[in-house]
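Shown next, in structure tokens, is the structure this report addresses.
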Amino acid sequence: MREIAHLPSDMAIISSKQPAADAQQPPKEKKKRTPKQSAIPIQLASVDSEILQAEIATTEEKIQEESLRPSSIREYIGQKDLKGVLDIAIQAAKVRQESLDHLLLYGPPGLGKTTMALILASEMGVNCKITAAPALERTRDIYGILMRLEPGDILFIDEIHRLPRVTEEILYPAMEDFRLDITQGQNATAKIRSIALPRFTLVGATTKIGSLTAPLRDRFGLVQKLRFYEVDELTLIVQRTAEILKTAVTPEGAVEIARRSRGTPRIANRLLKRVRDYAQVKGYAHIDGSIASAAMEIYNVDPLGLDWVDRLLLTTMAEQFNGGPVGLDALAASTGEDRHTIEEVYEPYLLQIGYLQRTPRGRVVTAAARKHLGLKGGDDRTEQLSLLE
Ligand code: ADE
């Protein structure tokens with residue numbers, strides 16, 4: 001049976017924009033740059049930058065994503081190492097007629113962690129129940145989910161680093177011994193009742209592996225990282241999605257979109273839809289390289305997928321801080337961006353493409369970034385600083 005069942009809507013895929021359950025993890029602040037004087041350009045700018053933010057996905061977009069998801073490992077493009085590891089785990093579990101080991105997937109948003117959990121369920125012929133840490137605030141939330149598990153089920157918990165401590169502690173015996181310990185009563189009179197659970201597989205997903213507690217991390221048999229996709233992999237993803245959406249895209253058009261997608265399928269598919277709108281309105285029968293470029297210029301997405309905030313961050317570092325090193329707080333204060341947004345949304349991709357480096361003294365802009373932005377001067381400070389380390 002290859003059925004994939006979801007929990008009722010109150011537990012089903014939950015937006016990453018939900019408020020944090022954990023006081024240590026404040027919800028991301030909305031952009032602060034909203035001075036009233038120039039409403040139109042500011043509004044456009046913030047719309048533009050959201051196109052490239054993989055962690056922002058509306059419920060509607062997540063529902064649309066469902067129809068674009070690959071449903072087998074064979075169909076899944078990219079993440080070769082991860083697929084290799086999971087393929088072996090699946091085959092071994094099937095031969096032994098066991099459930100899969102608990103799996104922790106980590107990496108930037110939009111790279112396909114949920115998709116991979118659904119594929120695992122499909123390949124194993126079991127159900128996948130999807131939830132996210134912010135929906136597990138109360139102990140009864142996690143009790144309810146665990147008690148409804150069936151043998152072999154995959155339980156996917158997104159943003160697992162945000163689980164409240166009490167929920168996390170309920171998971172320990174559940175993961176280790178497939179046992180649910182329910183505390184009845186309080187204080188001295190409290191009793192623990194244990195219920196046997198069927199063997200199941202917990203798939204946890206996180207963008208912040210460093211925020212996971214050691215006891216939770218240690219209970220996963222497999223810990224796997226998802227990496228940013230290469231342009232050729234994203235090109236194939238764009239072509240696959242275009243086929244599903246019945247949109248004609250030339251190979252050059254697909255490459256143009258892939259190059260601007262920040263290594264992230266969610267962004268690639270989002271850009272494809274925007275470019276498709278543009279082509280339709282302008283009356284083009286298919287999307288070629290120049291149509292894709294023209295469309296993305298409108299959205300202020302540059303040829304490497306940088307938006308105005310990326311450019312602002314790099315330019316500020318280059319011009320106001322002489323290339324760096326600059327601390328995160330100073331950069332946040334100078335640009336008006338939230339420090340968590342800089343660190344979690346913008347930096348990972350700028351680090352990946354080698355436009356920014358982290359040194360013990362702070363962030364440094366690289367010569368490649370200066371060249372891309374057409375900024376003069378500045379030596380490659382990273383080289384000089386690494387000599388000093
Ligand atoms: N759509 C989104 N991500 C994908 C992937 N990795 N492979 C195929 N199609 C996708």
Side-chain angles (χ1 to χ4, degrees), residues 2 4 6 13 15-16 50-90 103-124 128 130 132 154 156 158 203 205-207 222 224-251 253-276 287 292 296 301 305 348-349 352:
R2 309 189 83 214
I4 293 173
H6 296 266
I13 304 177
S15 160
S16 56
E50 287 189 3
I51 295 181
L52 297 176
Q53 291 186 21
E55 83 292 353
I56 296 177
T58 59
T59 309
E60 192 190 334
E61 189 176 35
K62 289 202 168 185
I63 290 167
Q64 279 183 2
E65 271 183 8
E66 304 263 324
S67 62
L68 304 177
R69 283 186 206 287
S71 55
S72 64
I73 289 212
R74 204 175 40 77
E75 256 185 87
Y76 191 104
I77 296 157
Q79 306 295 346
K80 196 164 155 272
D81 297 346
L82 171 66
K83 284 193 299 193
V85 168
L86 295 182
D87 206 21
I88 298 282
I90 291 167
L103 165 69
L104 180 63
L105 296 174
Y106 70 97
L111 300 190
K113 295 188 274 297
T114 313
T115 303
M116 198 43 102
L118 288 165
I119 286 177
L120 282 181
S122 171
E123 299 274 354
M124 291 295 293
C128 184
I130 297 181
I154 289 184
F156 178 78
D158 204 3
V203 178
T206 181
T207 51
L222 288 164
Q224 291 289 311
K225 177 180 179 163
L226 280 90
R227 52 167 191 77
F228 283 116
Y229 290 66
E230 304 292 342
V231 171
D232 59 345
E233 295 166 343
L234 287 167
T235 303
L236 292 174
I237 291 174
V238 169
Q239 288 171 324
R240 177 181 176 277
T241 303
E243 217 174 293
I244 297 170
L245 297 177
K246 298 190 174 24
T247 301
V249 183
T250 67
V255 171
E256 272 309 316
I257 295 170
R259 276 175 50 210
R260 290 163 151 93
S261 302
R262 303 175 78 91
T264 307
R266 178 176 292 155
I267 297 176
N269 288 341
R270 193 183 281 165
L271 289 178
L272 171 64
K273 286 184 197 154
R274 297 289 167 93
V275 174
R276 177 181 66 155
I287 297 166
M296 284 181 293
V301 177
Y349 182 65
Q352 164 76 15

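Starting from 1, each residue takes its place in the sequence as its number. When a ligand or atom number is given, it counts from 1 through the structure's own listing order.
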* Asked: How close do Leu226 and Gln79 get, heavy atom to heavy atom, and via which atoms?
  -> CA-OE1, 3.6 Å
* To do: If the plane angle is over 60° it's perpendicular, under 30° parallel, otherwise tilted; pick one for Tyr349 and Phe228.
  => perpendicular
* **Nearest-neighbour protein heavy atom for atom 9 (N) of ligand 1, which is reported as residue plus atom name and distance** => Arg240 NH1, 3.2 Å
* Of Met296, Arg260, Arg274, which is the lone residue that meets side-chain contact (heavy atoms from CB on, under 4.5 Å) with Ile51? -> Arg274
* Atoms in ligand 1 with a heavy atom of Pro265 nearer than 4.0 Å -> 2 (C), 3 (N)
* Give the residue, atom name and distance (to 0.1 Å) of the protein heavy atom nearest atom 7 (N) of ligand 1. => Ile77 N, 2.8 Å
* Structure fact -> Ranked by distance from atom 4 (C) of ligand 1, the top protein heavy atom is Ile237 CD1, 3.8 Å
* Decide, yes or no, whether a salt bridge links Glu233 with Lys80 under the criterion of side-chain N to carboxylate O below 4.0 Å. => no
* Does Glu75 come within less than 4.0 Å of ligand 1, judged by its heavy atoms? -> yes
* For atom 10 (C) of ligand 1, the protein heavy atom that lies nearest, with its residue and separation -> Pro70 CD, 3.6 Å
* To do: Could you go through the side-chain contact (heavy atoms from CB on, under 4.5 Å) check for Thr115 and Glu65 one step at a time?
  => CA-CA 9 Å; Thr115 303; Glu65 271 183 8; 6.0 Å; no
